[in-house]
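Notes to accompany the following structure.
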Number of protein chains: 2
Amino acid sequence: MKLSSRSRYGLRAVLDLALHYGKGPLQIRAIAAREEISNKYLEQLMTILKTSGLVRSLRGPKGGYILSKPPDQIKLKEVITALEGPLFPVECLQHPQFCPHCAECITRQVWADVQEAMLGVLEATNMQDLVDRVKTSENRKA
Amino acid sequence: MKLSSRSRYGLRAVLDLALHYGKGPLQIRAIAAREEISNKYLEQLMTILKTSGLVRSLRGPKGGYILSKPPDQIKLKEVITALEGPLFPVECLQHPQFCPHCAECITRQVWADVQEAMLGVLEATNMQDLVDRVKTSENRKA
DNA sequence: ATATAGACTATTAAAATAGTAGGTTTATAG
DNA sequence: CTATAAACCTACTATTTTAATAGTCTATAT
């Protein structure tokens, strides 16, 4: 029941982009350095995020990546789903035919409750919320 | 972010034991047949549950497994933790030294929120709750 | 032109997962 | 006392996923 590094790194990269929203593109190299992720691995994550439509890329010198929407319009759920795939704790919630017991399975209801609890958090929070948290935490420090 | 089959099967096995609580031991063969799990694989799961103290075993003919406490004293969290290991969506929540950014990491707070939401469900529900749900769902059918 | 930066394709080492196989021990029923 | 039922124990294995790494190709700003 662990999240992949893909999602951990990816969310940090998106937060980095959100912190720079409106200030031009960020390069992989810069993000990777700040977040201490391998250049090449981050490249793959950015490709995933680009395919999902969350970020846009600009090629060539002075290129890089930008968010395709303002941070307050990006729910965490979108980011994590893009990176991690559909957020089902068990296969049978997504594909009932996966298990012949689905119709009457009581444990399946439990997993539905768990899923709902998780999604509740990820739908209630957007990238701007995280940006704000970063800024207040930086003020506290200063 | 998927639960292992270990946990899915294991919880179903524990629920099976809970449904028969007080009526003597259940054999692996019987549980495996009802839940459509391989005998040998279920055997491993029962060993895990036994090591964690959730079930007790009786050897020899007419032996089998029983819950070591009444169903209303077994929270789902105990069962899942026994099978799945500690329920941390990211390593750095459990071991802050895992990542050098932990102190100031805002995404880490998100994962803490997600964890709290999940654990909320798993701590609020016990095995007797599931037994009750099975019984009401059976009554509805009849 | 040329340097910069993303895009694409392939490979890989390590770990986890979901089993399978087969023999050993223990307790009970007859 | 002996046959048998059942848990117990050790080992193996095929598959998948993960987290990268490597190298080449393409677009573009200056």
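Since the structure is predicted, the reported quantities are computational estimates derived from the model, not experimental observations. To find a chain, count down the sequence lines: A is the first, B the second, and so on, and within it residues start at 1.
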Quick one: on DNA chain D, does E84(A) or S57(B) contact a more 5' nucleotide (nearest heavy atom)? S57(B)
State whether a side-chain donor-acceptor pair under 3.5 Å links N39(A) with E43(A). no
Specify the residue among T47(A) and M1(A) whose closest nucleotide of DNA chain C lies further upstream toward the 5′ end. T47(A)
DNA chain D: first to last nucleotide in contact with chain A (atom under 4.0 angstrom from a heavy atom), 5' to 3', is dT18(D) to dA29(D)
Side-chain donor-acceptor pair present, D113(B), Q109(B), cut-off under 3.5 Å: no
For R8(B) and S5(B), which I'm curious about, is there any donor-acceptor pair between the side chains at under 3.5 Å? yes
Reading nucleotides 18-28 of chain C 5' to 3', which nucleotides get B (base under 4.0 Å from a protein heavy atom), which S (sugar-phosphate only), which -? SBBBBB-BBBB
Nucleotide dT17(C), atom P - distance to NZ of K2(A) in whole Å: 10 Å
Side-chain donor-acceptor pair present, E104(B), S137(A), cut-off under 3.5 Å: no
Given L42(A) and Y9(A), is the side chain to side chain contact (heavy atoms under 4.5 Å, CB included) satisfied, shown in steps? CA-CA 8 Å; L42(A) 181 57; Y9(A) 294 167; 5.6 Å; no
Rounded interatomic separation in angstrom, taking CZ from R29(A) and C1' from dA3(C): 12 Å
Heavy-atom side-chain contact between M46(B) and S57(B) under 4.5 Å: no
More than 12 foreign heavy atoms under 6.0 Å from CZ of R34(A): is that the case here? yes
K75(B) atom NZ: more than 12 heavy-atom contacts under 6.0 Å: no
